[in-house]
Each structure stands twice: as C-alpha cells, then as structure tokens.
*Asks:* 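Take a look at the following structure, please.
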Amino acid sequence: MNHYANLGGNSNVETYEIGATFIRVKFYGTNKLYTYSYNSAGMQNVEKAKDLAIRGQGLNSFIMRNMKYLYE
C-alpha cells in the first residue's frame, strides 16, 4: 500500500494500492480495505481514481461523489 499524499490537507484517504483493473483504498478510522474494480465501479471511474491517487489530491472527494458504494 502507498501512503496517500493528501496535498489538499483534508482527505480521509490514508493509503491506496493500484492494480491493473482496480484501486484499493484504506480510509482513516477503519481497518477495512475498499476495492473499486472495473467490474464494480467501471473502468472510467477506476482510472480517474488511480490518477487522483498518484497526484495526491482529490481522491476522497471523487470517491464520495462517484463510487461511494461501488466497492467489491
């Protein structure tokens, strides 16, 4: 897992892992890992989330707006 940079300073994302067809996210305050895959959340959403994770900004907001309950 990679530590999320949180450049905006107010994200609830702690760590993430990127795979070929998924992104796995751990939020602060929980031990659960949330896996958003092409099958569960759609390719476009997953690829955008991967990009935001690498950039270190906007991931939490994007997930809450577009993929909140679309985890496996």
*Asks:* Do side-chain atoms of Lys26 reach the backbone of Glu17 as a donor and acceptor pair under 3.5 angstrom?
*Replies:* no
*Asks:* Asn45 and side chain to side chain contact (heavy atoms under 4.5 Å, CB included): which single residue from Tyr36, Tyr38, Phe62 fits?
*Replies:* Phe62
*Asks:* First locate atom CG of Asn12, then atom CD of Glu14, and finally report the distance between them rounded to the nearest 0.5 Å.
*Replies:* 9.0 Å
*Asks:* Using the ring pair (Phe, Tyr, Trp, His ring centres under 6.0 Å) definition, which of the options Tyr34, Tyr4, Tyr71 pairs with Phe27?
*Replies:* Tyr34
*Asks:* Is it the case that one hydrophobic cluster holds both Leu59 and Ile54, taking links as side-chain heavy atoms less than 4.5 Å apart, direct or via other members?
*Replies:* yes
*Asks:* Is the side chain of Ser40 donor-acceptor paired with the backbone N or O of Leu70 at a distance under 3.5 Å, no angle test?
*Replies:* yes
*Asks:* Linking I/L/V/M/F/W/Y whenever any side-chain heavy atoms sit under 4.5 Å apart, do Tyr16 and Ile63 land together?
*Replies:* yes
*Asks:* To the nearest 0.5 Å, how far apart are CG in Asn60 and CZ in Arg65?
*Replies:* 9.5 Å
*Asks:* For the residue pair Ala5 and Gly56, what are the closest heavy atoms and their distance?
*Replies:* CB-CA, 3.9 Å
*Asks:* Considering non-hydrogen atoms only, spot the tightest contact between Ile23 and Ala53 and give its length.
*Replies:* CD1-CB, 3.8 Å
*Asks:* How long is the span from the CE atom in Met64 to the CE atom in Met67, to the nearest 0.5 Å?
*Replies:* 9.0 Å
*Asks:* Quick one: pull up CG in Leu7 and CZ in Arg55 and give me the separation to the nearest 0.5 Å.
*Replies:* 11.0 Å
*Asks:* Rounded to the nearest 0.5 Å, how far does CE of Met1 lie from CG of Leu33?
*Replies:* 5.0 Å
*Asks:* What's the spacing between Lys50 NZ and Thr21 OG1 if we round to 0.5 Å?
*Replies:* 7.0 Å
